[in-house]
Amino acid sequence: MLARDLHRYQGRDVEVLGLARGGVPVGWEVAAALGAPLDVCLVRKLGVPQYPELAMGALATGGGVVLNDDLLRSLGLGDEEVQAAVERETVELHRREQAYRGGRGPLDISGKTVILVDDGIATGASMTAAVRSVRQAGAGAVVVAVPVGPTSVCRRLAQEADDVVCGSSPPDFRAVGQVYADFHQVSDDEVRELLATPTVSDPRG
């Protein structure tokens with residue numbers, strides 16, 4: 001369904017990046033339908049030092065960072081704590097990229113139209129970090145594509161991306177999983193298998 005909403009990009013010089021892990025199965029379907037290459041984009045939560053489950057921001061492949069400035073101010077966290085978290089999660093991002101790609105380098109997105117795909121958005125922090133990271137990497141245009149998300153968040157992402165395609169915005173939005181018949185936890189093995197399965201015109205074969 002999402003690929004149909006993106007039909008105007010078919011035949012154009014686009015590259016699809018699926019946000020790991022849940023965005024990779026959706027991204028594979030989009031890439032296959034558009035005849036585009038697929039790669040992975042990793043996003044990591046930046047946890048508060050004393051409460052790692054509490055996110056003070058997000059970090060994406062390539063260095064895109066989104067911070068919750070209000071939370072940082074309320075907790076009195078400074079640049080040193082933020083930088084330590086960024087450095088720690090950058091190491092983990094690189095480890096996971098190596099694990100998923102198996103030694104292959106990332107796609108060259110310089111000047112290309114990049115379609116960032118996730119299984120859905122809730123707060124939009126992870127996707128915002130991803131958009132900023134691919135811009136830093138030289139993408140010519142950035143498209144956000146998700147099957148579901150709140151209208152307000154999709155509107156906010158439109159200020160970051162060149163195009164936002166959101167398949168569904170239920171007025172009673174509660175969670176991404178509410179529109180899925182199968183919303184199982186995607187495993188690392190599934191991500192690796194999909195990345196190794198060529199899409200129609202994937203130049204890496």
*Asks:* Which residues pass the salt bridge (charged side-chain N to carboxylate O under 4.0 Å, His left out) test with E92, not counting sequence neighbours?
*Replies:* R95, R96
*Asks:* For D108, enumerate each residue passing the salt bridge (charged side-chain N to carboxylate O under 4.0 Å, His left out) test, keeping only those at least two apart in sequence or located in another chain.
*Replies:* none
*Asks:* Is it the case that one hydrophobic cluster holds both V82 and V48, taking links as side-chain heavy atoms less than 4.5 Å apart, direct or via other members?
*Replies:* yes
*Asks:* State the CG-CG distance between L107 and L38, to the nearest 0.5 angstrom.
*Replies:* 8.0 Å
*Asks:* For D172, enumerate each residue passing the side chain to side chain donor-acceptor pair (under 3.5 Å) test, keeping only those at least two apart in sequence or located in another chain.
*Replies:* R174
*Asks:* Quick one: side chain to side chain donor-acceptor pair (under 3.5 Å) pairs with a partner in residues 16-37, sequence neighbours left out?
*Replies:* R21-D188
*Asks:* Which residues satisfy the side chain to side chain donor-acceptor pair (under 3.5 Å) test with D69, sequence neighbours excluded?
*Replies:* none
*Asks:* Same cluster for V144 and V134 if Ile/Leu/Val/Met/Phe/Trp/Tyr side chains link at under 4.5 Å?
*Replies:* yes
*Asks:* Is any side-chain heavy atom of L46 closer than 4.5 Å to a side-chain heavy atom of V65?
*Replies:* yes
*Asks:* Is there a side-chain contact between S133 and V43 (heavy atoms, below 4.5 Å)?
*Replies:* no
*Asks:* Mind checking whether L2 and V146 have side chains closer than 4.5 Å, heavy atoms only?
*Replies:* no
*Asks:* Mind checking side-chain contact (heavy atoms from CB on, under 4.5 Å) for S74 and listing every partner two or more places apart, or none if nothing turns up?
*Replies:* L71
*Asks:* In the structure I gave you, are the side-chain heavy atoms of T128 and L157 within less than 4.5 Å of one another anywhere?
*Replies:* yes
*Asks:* Looking at every heavy atom in both Q185 and E190, which two are closest together, and how far apart are they?
*Replies:* O-OE2, 3.9 Å
*Asks:* Look up atom CG in L59 and atom CG in L93, then write down how far apart they are to the nearest 0.5 Å.
*Replies:* 5.0 Å
*Asks:* Within this structure, what is the CZ-CD distance for the pair R104 and Q98, rounded to the nearest 0.5 Å?
*Replies:* 10.5 Å
*Asks:* Sub-3.5 Å donor-acceptor pair from the side chain of D163 to the main-chain atoms of V165, do we have one?
*Replies:* no
*Asks:* Kindly give the heavy-atom pair with the smallest separation between S169 and P150, and that separation in Å.
*Replies:* OG-C, 4.2 Å
*Asks:* Step through the shown structure and confirm whether more than 12 heavy atoms of other residues, nucleotides or ligands are within 6.0 Å of CD on E80.
*Replies:* no
*Asks:* Donor-acceptor pairs are to be reported for all side-chain atoms of residues 112-122 against protein atoms at under 3.5 Å, with residues two or more places apart or in another chain.
*Replies:*
unit_1: K112; atom_1: NZ; unit_2: E15; atom_2: OE2; d: 2.9
unit_1: D118; atom_1: OD1; unit_2: G23; atom_2: N; d: 3.4

*Asks:* Which heavy atom of A161 sits nearest a heavy atom of V142, and at what distance?
*Replies:* CB-O, 3.6 Å
*Asks:* Closest approach of A33 and A3, non-hydrogen atoms and distance?
*Replies:* CB-CB, 3.5 Å
*Asks:* Test of understanding: with salt bridge (charged side-chain N to carboxylate O under 4.0 Å, His left out), list the residues that count as partners of E97, not counting sequence neighbours.
*Replies:* R101
*Asks:* Name all residues meeting the salt bridge (charged side-chain N to carboxylate O under 4.0 Å, His left out) criterion together with D5; count only those two or more places apart in sequence or in a different chain, and write none if there are none.
*Replies:* none
*Asks:* If the test is side chain to side chain contact (heavy atoms under 4.5 Å, CB included), which one of R8, H7, Q10 qualifies with L34?
*Replies:* Q10
*Asks:* Taking all non-hydrogen atoms of both residues, which atom of T199 and which atom of A36 are closest, and how far apart?
*Replies:* OG1-O, 2.7 Å
*Asks:* Okay, side chain of D39, backbone of L17: is any donor-acceptor separation there less than 3.5 Å?
*Replies:* no
*Asks:* Rounded to the nearest 0.5 Å, how far apart are CD of Q178 and OG of S168?
*Replies:* 7.5 Å
*Asks:* If a pair satisfies ring-ring contact (aromatic ring centres under 6.0 Å, His included) and one of its residues is in residues 153-181, list it, with sequence neighbours excluded.
*Replies:* Y180-F183
*Asks:* Sorted by first residue and then second, give each side chain to side chain donor-acceptor pair (under 3.5 Å) pair with at least one member in residues 138-161; sequence neighbours left out.
*Replies:* R132-E160
*Asks:* Quick check: do Y51 and L75 have side-chain heavy atoms less than 4.5 Å from each other?
*Replies:* no
*Asks:* Taking C41's backbone N and O only, do any of them form a donor-acceptor pair with T61's side chain (distance below 3.5 Å, no angle check)?
*Replies:* no
*Asks:* Do you know the tightest heavy-atom contact between C166 and G149?
*Replies:* SG-N, 3.4 Å
*Asks:* With side-chain contact (heavy atoms from CB on, under 4.5 Å) as the test, would you mind laying out the steps for V24 and V186 before giving the verdict?
*Replies:* CA-CA 9 Å; V24 174; V186 176; 5.8 Å; no
*Asks:* List in chain and number order the residues that pass side-chain contact (heavy atoms from CB on, under 4.5 Å) with R4, two or more places apart in sequence or in another chain; answer none if no residue qualifies.
*Replies:* M1
